[in-house]
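In what follows, a single structure is set out as structure tokens and then discussed.
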Amino acid sequence: MSVPHYVVAYGGDERSKVALRAGADLARSLGAVLDIVLVVRSDTPFGAAYPPAPDVESLVEHQAERWLDEARASVPPGLPVRTHLRRHRSVAQGILEAAADLDARLVVVGTASGVGPGFTVGPVATQLLHASPVPVALVPRGHESPGLLERVYCAVGTRPGAQLVVREAVEAARRAELDLHLVSLLEVDEHQGARESARRRAAELISAAAEDFTGGRATVEIGQGRTMKQAVESIAWEPRGLLLIGSSRLAPGRRTFLGTTAARILRHLPIPMVVVPHTDGEQR
Amino acid sequence: MTTPVAGTTTSGDRGSGSDNDGAGKGLASGRVGLLGAVVIGVSCIAPAYTLSGALGPTAAVVGEQLPAIFLVGFLPMLLVAVGYRELNRAMPDAGTTFTWASRAFGPWVGWMGSWGLLAATILVLSNLAGIAVDFLYLLLAQVTGDEALADLTRNVPVNIATCLVFMALACWVSYRGLEATKAVQYVLVTFQVGVLIWFSVAAFGHVGDGTAFDAAAISAEWFNPFAVDSFSSFAAGISLSVFIYWGWDVVLTINEETKGSATTPGRAALTTILVIVALYMAVALGVLSYSGVSDGAHGLGNADIQENVFAALAGPVMGPTAILMSLAVLSSSTASLQSTFVSPARTMLAMGHYGALPPSYARITPRFQSPGYATVAAALVASAFYTVMRVLSEDVLWDTITALGMMVCFYYGITALACVGYFRKELGGGPRAFLMKGLLPGAGGVLLLVFFVQTCYDSMDPSYGSGSQIGGVGLVFVLGVSVLLLGVVVMIAQRLRRPEFFRGVTVPRGDSTTNLR
């Protein structure tokens, strides 16, 4: 198998630097080539300035090249890195086209500075999440990138088909020789009965998934709380971890789509999260 | 479609070459057809806004010859646009006036030309925001039926506060690098043009059924530019009409993106100008026929309505549908307010980049890829300028429009002459080169500078324009001259602190035959 390429959507701002550090850790852990892509947004003629303004695209490109140079210099030595400057009307589309041209296996993107810890999704990340045919890694704001990956978490949902993502997680964990943890995150209300049955159902599903896909080698954890925040916080996330989560069933074709549960998990998660598009059971 | 940028691929392991697959696909992205180009052109001219700003002041100087001046005023615009097009082809890189004039005539002229452009954009920002405020309160009055709301715009603190809110919002949108989309532009342009046509039709309707204010039959004399009473009035009228066509040259610079045959850009520019001239004629004739030029309540000669003719006449002419005019002008001016921020910000970005302004102006916000620092600077200067003007002058819109006309004449004049200067060694290369690179832009440049000087001279008279004055000198003169002198001071300060640009290091002087490094 050829060396996989990981694309980092880079823009020179703080969140891109965070994404780059996380992307570099992922690429080193999983033996990938890192492709840093910066898309310079070109003007739409319909946004023409009044009165006629100079075209400053070349100055923006000039600046962008410097950002890319800085980006390259910040990557730990030894990791194969390439930088790419592209131009597109839409930054997200430009990133996706670069990913397609490079046959990338993962797109890494930083997330917006929301309030408090965890992350909210910015416009570029949102567009990527709604159109990417390859997995998208969202890196929380201010993520420290503590080093090489140690553990892969995989979120197992309770809806039919939500367990397929485990296959990807198994593959990633096997390649990098990492621990695999299957997690189920439950929001449960006060009601004792409902809580028990939900918990039991999740436990059954996750054990079945562990058995089916990993031959029982994966560790299983159930996080629960009255809110998703509490459920997420009830798990002691390994800082050098990564959470894989399946795309929503609403995703058109084999593209990513951030489901509502995933979006809420995202808001409180301290580690990067990879949204994996539906594979329809095929092996990639 | 992604366009890998030729020559700038910063591939890590060289030879991968993966970034060159798309070469040549470049300009195919988001191409615009004839209709799209015309929509862009009309939106840049922003007819509803320009007319509401310039109709009154122009009528004040040229009276019945309003249609003649609107027709003749297009000529210098056309001549300059020819020069723009040639320069844009030869040096498409960042800058326009700034780099072009620096290259042709050296850094000092380039700097001042660019300062003129900056001053013009600051003036137009102030004026746009001022117009938006007027029509916002007019619209509120029309919606609620409470006449008193329309007078809020006369309340100086309320007016200034509202204006600053508009300015801040437009700055924020521009800072984030947001641009109007195709759909928005189509809707805005269709609405504006529709309302202006309806205004004109309604005015003629009143003339036809005898309910006009001061009905007058269209006369051939209205179209005779020589009937304007003096050269001063003529020059003032032309300066103003240069402003009403300002923006048309955009159609010529989007030519690289237009689809179809090579003739599309030319046809788009021509179609745009026909649409605009027809629209201006319809409105000018409608207004003249309806109002006459007397100084009666709704007469164009009435100084009280000249500052904002549409605000005064939309009610009597359009009746209950006058609310549409408020909406059209408000949408036109707020849309332009946002797109106008782009111009000074980019100009300052280019000047900062080449060392003509401190490097902070060259800062590009990574997240939005916009000249953030320069955008905020433009907003602060325009806000401060408007505030001072609103306090100093009772007719701030009128005075800013007049001063604006002067500044546009100044920097367009320099730009047009830069074309002649830059191509001076090619002018003997055949009749086409002589005409397009020499005679036409040269004539345009000289004409505009003559109008500039004449307007400057005339505006010393304290009764000039709206009649605002400071110490016995017309406010427009004080405004125009002090802005230019301020430019000289800033330029000298910049020369002392950062001499590279002024030594011709960053933008070396040259002509079309000089090899660029």
Side-chain angles (χ1 to χ4, degrees), chain A residues 5 10-16 33-65 67-69 72 75 80-89 91 93-98 100-103 112 122 124, chain B residues 1-5 8-13 16 18-19 21-22 29-30 32 36-37 39-40 43-46 84 92-96 98-99 117 120-121 124 177 179-182 184-185 246-247 249-250 253-254 257 336 339-340 342-343 346-347 349-350 353 362 364 366-367 369 371 408:
Chain A
H5 286 253
Y10 194 78
D13 53 348
E14 206 40 53
R15 74 174 81 162
S16 306
V33 173
L34 198 62
D35 286 285
I36 308 174
V37 178
L38 195 154
V39 178
V40 169
R41 198 186 52 235
S42 43
D43 291 335
T44 103
F46 287 93
Y50 167 87
D55 174 11
V56 292
E57 227 165 76
S58 63
L59 300 187
V60 177
E61 273 162 17
H62 183 83
Q63 173 67 60
E65 280 172 48
W67 286 329
L68 281 175
D69 290 343
R72 172 201 298 283
V75 170
V81 183
R82 304 190 305 174
T83 55
H84 310 267
L85 184 59
R86 300 174 73 105
R87 209 185 316 173
H88 202 284
R89 289 269 154 76
V91 173
Q93 283 303 318
I95 296 286
L96 287 182
E97 282 174 19
D101 289 351
L102 296 163
D103 196 22
V124 171
Chain B
M1 195 168 308
T2 305
T3 314
V5 182
T8 52
T9 303
T10 40
S11 227
D13 55 57
S16 73
S18 62
D19 255 14
D21 341 330
S29 55
V32 280
V39 166
I40 293 167
S43 84
C44 283
I45 295 172
Y84 250 81
D93 255 14
T96 64
F98 171 64
T99 30
L117 185 156
T121 52
V124 81
E179 290 180 317
T181 60
K182 185 174 171 176
V184 169
Q185 293 291 24
W246 196 23
D249 36 353
V250 163
T253 56
I254 56 168
E257 316 224 24
S336 296
S339 63
T340 299
V342 176
S343 194
R346 288 186 173 182
T347 304
L349 170 65
H353 180 81
I364 295 169
R367 238 178 101 196
Q369 298 182 358
V408 176

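Naming convention: chains lettered A, B, ... in sequence-line order (proteins, then strands); numbering from 1 in each chain.
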What part of B:Val124 gets within 4.5 angstrom of chain A, counting heavy atoms only: side chain, backbone, both, or neither? side chain
Residue from B:Ile45, B:Val342, B:Leu349, B:Thr340 scoring the most non-hydrogen pairs under 4.5 Å with chain A is B:Thr340
If we define contacts as heavy-atom pairs under 4.5 Å, which of B:Ser343, B:Ser336, B:Ala120 has the most with chain A? B:Ser343
Is there a side chain to side chain contact (heavy atoms under 4.5 Å, CB included) between A:Gln63 and B:His353? Walk through the geometry before answering. CA-CA 10 Å; A:Gln63 173 67 60; B:His353 180 81; over 6 Å; no
What is the minimum heavy-atom distance between A:Gly12 and B:Pro366, and which atoms define it? C-CB, 3.6 Å
Give a yes or no on whether the backbone of A:Val39 and the side-chain of B:Gln369 come within a donor-acceptor separation of less than 3.5 Å. yes
Only counting residues at least two apart or in another chain, list the ones meeting side-chain contact (heavy atoms from CB on, under 4.5 Å) with B:Ser43. B:Gln185, B:Val189
Checking B:Ser339 now: which residues fulfil side-chain hydrogen bond (donor to acceptor under 3.5 Å, both in side chains) with it, not counting sequence neighbours? none
With a 4.5 angstrom heavy-atom cut-off, could you sort out which part of A:Leu38 is near chain B: side chain, backbone, both or neither? side chain
